Amino acid sequence: MAFVETLPRGMFIDGRDVGGGGLTATPVHDPATGEVVGTALEGGAAEIDAAVASATAAFARWSRMPASARGELMHAAAAAVLSELDALAQLLTLEQGKPIREATLELQRFVHTVDHYAGMSKNLRGGYVPNLDHDAHGLILRRPLGVVGAIVPWNFPTTLLANKFGPALVTGNTLVAKPAETTPLTTLRIAQIFSTAGLPPGVFNVVTGLGAEAGEALVRHPGVAKIAFTGSTRVGRHVMAAAAETTKRITLELGGSDPMIVCEDANVDAAVKAATVGRFFNCGQACLAVKRLFVYEAVYDEFVEKLLARTGRLRIGPGSDPATLLGPVHSDRQRRVVEEQVAEALDGGAELLHGGKRPEGESFDAGFFYEPTLLLEAARDSRVATEEVFGPALPIWRVGDFDEAIDRANESVYGLGSSIFTRDLNAANSAAERLNAGYTWINSPQRPYDELPFGGVGQSGFGREHGIEALDHYTETKSVVVRRADVETER
Amino acid sequence: MAEMLIGGEWHAATGGKTLDVIDPANEETVGSVPSGSPDDVDRAVAAAAAAFPGWAKTDAEQRAEIVRTACERIGDASERIVDTLVHEQGKPTAEARGELQHFIHGLRYYAELATKLQGAYQPLPSTLGESYGLVIRRPVGVVAAIVPSNYPLTLMGTKVGPALVAGNTVVVKPASTTPLTALIVGELFQEAGLPPGVLNVVTGRGAAIGDALVGHPQVRRVAFTGETETGRRVMEIAGPQLKRATLELGGSDPVIICPDADLIRAAKAVLIGRLWNAGQSCLAGKRVYVFAEVYDRVLEQLLAQIERYEPGEGWLKPEKPKIRIGPVHTVHQRETLLAQVEDSRARGAEILFGGTAPERSCKGYFMVPTLVAEAPDDARVVTEETFGPVLPIFKVADMDEAIARANNTRYGLGSSVWTHDSRLIHRAAHELDTGMTWVNQIHYGYDELPFGGVKDSGIGREHGSEGLNHYTELKSVVVGGLS
């Protein structure tokens, strides 16, 4: 494939491509075919050191530049990505597996987020406290943290990077990003595009490699002020404990098992659509996704029938085919986990309504495909109820009333998203207050907005991305007390 | 013997063990408290968890009213509290009164903010149909408040105040050497009408119950003030459970005195700040960088002032113009300080004053205020926090050198600059890597301004409305289906 010849090789440090003499090159696979489509170098402590040194040097200039100038450079970088959107979407589909339509959407979201934060550059504010004391006033400055380490997973390689890149850069920080070892290519290409668009060397560096090596070195590096991590809860716990060594700031966006409640007065068609999109988008590999459905008895039969019909229409195929609605799972390993979770639910008495197996046919054999799967009444202690299901399988339960729905929804250790479909104002408000989650959608598909803070409670993480609130996680307040001349000191 | 407060009731430790509280001024026993175990922690957390739903639903106005009533009770009991604080902590009576006033001021500050907690309304794009967003703030749940021995009242207030008004319930663990004032405060909160279990106080050794409290699965938020090394340990335990944590840790605040400063006032403020609470404050000028052209004059002022400080029992008033300085809190702490001073002497620094325990007493952990000149940058008084009455002073050539050396520390809590030159003020505010900078003023933690460190001085902020934010969790709500 001629296209493959143009793929980035190496890492992006200090404004240029860096080949890694002597480093192992890991193959990057196309999840739809299993074919090797590129390689990524396995960076380690030395490469992280070099990237942090470059980011540290760049920080001195970047943090002092007029904020509006940073915003302009970020807008220019976003525009450059937009102008290469089609090629980037192809590359993203190739390494990640998602349908080309979803890859295009993802890159549009990436640009939107970078622009969103670039647009805040002229509105960064601090505080002023008048008459704090006799002849003294207080100021509340917001200072950037320094070098930020961004650890990004493979499910949304670009948007989950933008959530960190945008607020970090607009507030004056510099970044060292470590993409997942299975999806480094789009990120590296974006780094090249950003650099050509005028982003100064060292402001955005990309080091590829394994979590246990490059990731670990980044988390433990004394020159890194903050780690912004998106990934599994298990690794997130480790990041938080390891970051303690150097008292780093952290945000953790981890797993979820979002409940959706469909009440008796719900608009069933809208709910069915939200459930299908919410569960099967990105082949179910989203932290924010409908992962447990609780449906009121009164609308259960109608809901399940319509959900089955809609699920049956999801066309499975390689992401590169424009007609595909459901691509492959990202890796064989990931598919095995989902298969085990589904098998355990069925052993425990769940009813299989749809899917539950790999699609048949020669065109599917080499890829990591799995049919969209609907499970009814899995046991409350089954893995699909208690664990995060990171793939296209959706368990559905009947509930008797509002209290039962909320209690079941809150049974999870996770607390990321949640949604409810009802026309009853009281039920909607009560759900917003009682669902233990960082987000509640009411009569709306689960979609994260740049305008609203996003993040979890419980085991779903720590801190917020998106919204103006994200800026708080990339700045440190400094209080300043200014006492004017000729005033008696205390005592 | 005092008992601990769990679920609105007073309890001895499971197993009945007790812990004596020692007066650092005369080494006599002031009282004793239960020496708690992990079982006691379990009971306290269970009580706090049971009280949480009801307290979270109580009107903010009602929560604030209870805190205000508690403040009145605390004010009424001020003599008892001040006396206890002087004996268990060691500080002079005047400073204990000051601490009590600051404690009440902080609690009232948050009581007043209780009804001002706001969310946000956010218009949203109509991509998925007409909808709007809300940002709401929910309480976090059960909070563990771990309080050190230097300011048992105020450092409890900075946690309990915002936690309670935001609808959380709290388990306080006071320092094992200063539990008595915390128990009195707990009692007065109960009397003020705080429902059982909303505020619990568990006493005991950190080694015995600290891990159990921080690691308890039902504790969702840890507010810790203490040493940096213990703070790391807290984060290492809280991390794997993804608990929210704020850490207010050590500091080694630099002070920069520029040539145009009011030198008399600067020297006086530096000494008050350094010797307040016998030097045991996280916020205090702990390294003084003086421009060469005024160095001798600042030194002269410091020497004239430092002589006035007289180590002695906190409850005894000194004769004018002497100023009372109490004992260091523990004998171990004094040993560390003497070793830090000895280390600088060995490395070539000049000890201009003090550097020893006073000759007068055989009892009590007193130390003579100490002035150390020109310790090298690798001396312990530079690289470590000096948690006692030791002040190192250094000569610098210009602002570049002053800022570079001020920032040459793993800590980043406070800092100050003495000058009226706006360019130098601006540089200090923006270039000193700390969470606070004072200009022409003593390092004082205002309730109105966010307080907290960068680097090894900690994570998160206390004080100000920013402090309150650490006791709530944001939730975004999208209301769709409108068209």
Side-chain angles (χ1 to χ4, degrees), chain A residues 129 132-133 136 138-141 143 145 233 236-245 247 249 252 254 267 270 421 423 428 432-433 437-445 447 449 451-455 457-462 464 467 469 476-485 489-491, chain B residues 122-125 127-129 131 133-136 138 228 231-232 235-236 238-242 244 247 249 262 265 268-269 272 420 425 429-430 434-442 444 446 448-452 454-459 461 464 466 473-482:
Chain A
V129 183
L132 178 66
D133 208 334
L139 302 173
I140 302 168
L141 311 185
R143 305 169 74 223
L145 306 173
T233 294
R237 283 184 220 282
H238 172 74
V239 167
M240 190 165 164
E245 225 174 75
T247 339
R249 282 70 186 125
L252 302 175
L254 309 178
N267 177 336
F421 279 78
R423 292 189 173 99
E433 286 182 13
Y439 227 124
T440 298
W441 283 264
I442 298 168
N443 299 320
S444 168
R447 174 214 166 162
Y449 290 91
E451 291 85 349
L452 285 178
F454 159 77
V457 301
Q459 306 287 300
S460 287
F462 205 96
R464 294 292 181 266
E469 289 79 0
E476 193 92 62
T477 65
K478 185 192 217 186
S479 298
V480 179
V481 177
V482 184
R483 181 162 289 224
R484 295 181 286 279
T489 36
E490 288 175 47
R491 184 158 128 176
Chain B
Q122 174 68 53
L124 292 177
T127 333
L128 303 173
S131 61
L134 302 173
V135 183
I136 65 178
R138 306 167 77 219
T228 295
R232 270 189 233 287
M235 197 166 156
E236 277 163 6
Q241 296 188 39
L242 305 168
R244 283 72 185 119
L247 306 175
L249 310 177
D262 179 334
R265 185 166 290 145
K268 199 171 157 191
I272 293 173
H420 294 103
I425 292 172
H430 289 267
T434 59
M436 297 194 83
T437 296
W438 287 261
V439 181
N440 299 321
Q441 203 191 301
I442 195 168
Y444 177 81
Y446 288 96
E448 293 84 347
L449 284 179
F451 157 77
V454 301
K455 301 200 285 190
D456 274 5
S457 289
I459 292 184
R461 293 291 180 265
E466 292 81 358
E473 194 86 62
L474 289 183
K475 186 191 217 188
S476 297
V477 179
V478 176
V479 182
L482 302 175

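In what follows, every chain begins at residue 1, and chains take the letters A, B, ... in the order their sequences are listed. The structure displayed is predicted, hence computed values, not measured ones.
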Handout entry: Toward chain B, the part of A/Tyr439 with a non-hydrogen atom under 4.5 Å
Key = both
Problem - Ionic contact status for A/Arg464 with B/Glu473, cut-off 4.0 Å - result: yes
Fill in the blank from the handout: Counting heavy-atom pairs under 4.5 angstrom with chain B, the leader among A/Gly438, A/Gly467, A/Ala242, A/Ala437 is A/Gly438
Problem - Between A/Arg143 and A/Thr477: side-chain donor-acceptor atoms closer than 3.5 Å - result: no
Exercise for the section: Take A/Val480 and B/Met436 through the test side chain to side chain contact (heavy atoms under 4.5 Å, CB included) and record every step on the way to the result. Expected result: CA-CA 6 Å; A/Val480 179; B/Met436 297 194 83; over 6 Å; no
Problem - Part of A/Leu132 lying under 4.5 Å from any heavy atom of chain B - result: both
Practice task
Using modelled atom types only, decide if a donor and an acceptor are shared between the side chain of B/Arg138 and the backbone of B/Leu474 within a distance under 3.5 Å.
Solution key: no
Problem - Shortest non-hydrogen contact from B/Tyr446 toward A/Arg483 - result: OH-NH2, 3.9 Å
Problem - Residue among A/Val457, A/Asn443, A/Thr440, A/Thr233 with most heavy-atom pairs under 4.5 Å to chain B - result: A/Thr440
Exercise for the section: Give, as side chain, backbone, both or neither, the part of B/Ile136 having an atom under 4.5 angstrom from any heavy atom of chain A. Expected result: side chain
Handout entry: Atom group of B/Gln122 that falls short of 4.5 Å from chain A, counting heavy atoms
Key = side chain
Practice task
Return the option, out of A/Ile140, A/Leu139, A/Val129, A/Leu254, with the maximum number of heavy-atom pairs under 4.5 Å with chain B.
Solution key: A/Ile140
Handout entry: Toward chain B, the part of A/Ala270 with a non-hydrogen atom under 4.5 Å
Key = neither
Handout entry: Pairing of B/Arg461 and A/Glu476 as salt bridge, 4.0 angstrom limit
Key = yes
Completion exercise
When the 4.5 angstrom heavy-atom criterion is applied to A/Leu145 and chain B, the contacting part is neither
Problem - Among the listed options B/Gly464, B/Ala238, B/Ser457, B/Pro450, the residue most often paired with chain A at heavy-atom distances under 4.5 Å - result: B/Pro450
Exercise for the section: Could you have a look at A/Gly455, A/Gly461, A/Gly138, A/Ser460 and say which one has the most heavy-atom pairs with chain B under 4.5 angstrom? Expected result: A/Gly461
Exercise for the section: Scan side-chain atoms only and decide if A/Thr247 and B/Lys455 contain a donor-acceptor pair under the 3.5 Å cut-off. Expected result: no
Handout entry: Region of B/Arg232 in contact with chain A, defined by heavy-atom distances below 4.5 Å
Key = both
Fill in the blank from the handout: Highest number of heavy-atom pairs under 4.5 Å with chain A among B/Leu482, B/Thr434, B/Val135, B/Val479 belongs to B/Thr434
Problem - Top of B/Gly458, B/Ser476, B/Gly480, B/Ser131 for chain A proximity - count of heavy-atom pairs under 4.5 angstrom - result: B/Ser476
Practice task
Find out whether B/Asn440 and B/Arg265 are in side-chain contact, i.e. whether some heavy atom of one side chain is under 4.5 Å from a heavy atom of the other.
Solution key: no
Completion exercise
Assert top hit (heavy-atom pairs under 4.5 Å, partner chain B, pool A/Ser444, A/Ala428, A/Ala432) equals A/Ala432
Practice task
Side chain from CB out, backbone as N, CA, C, O: work out which of these in A/Val482 comes under 4.5 Å of a heavy atom of chain B, or both, or neither.
Solution key: both
Fill in the blank from the handout: Ranked by heavy-atom pairs below 4.5 Å to chain A, first place among B/Gly481, B/Pro125, B/Gly452 goes to B/Pro125
Exercise for the section: Would you check if there is a donor-acceptor pair between the side chains of B/Asp456 and B/Thr228 at a distance under 3.5 Å? Expected result: no
Exercise for the section: Determine the minimum heavy-atom distance between A/Tyr449 and B/Leu128, stating which atoms define it. Expected result: OH-CD1, 4.0 Å
Handout entry: Backbone N/O of A/Ala136 and side chain of A/Asp133: donor-acceptor pair under 3.5 Å
Key = no
Practice task
Select one option (side chain, backbone, both, neither) describing which atoms of B/Leu124 are under 4.5 Å from chain A's heavy atoms.
Solution key: side chain
Completion exercise
If one checks every heavy atom of A/Leu452 against chain B at 4.5 Å, the contacting part turns out to be both
Handout entry: Considering all heavy atoms, the nearest A/Gln459-A/Arg237 contact
Key = OE1-NH1, 2.6 Å
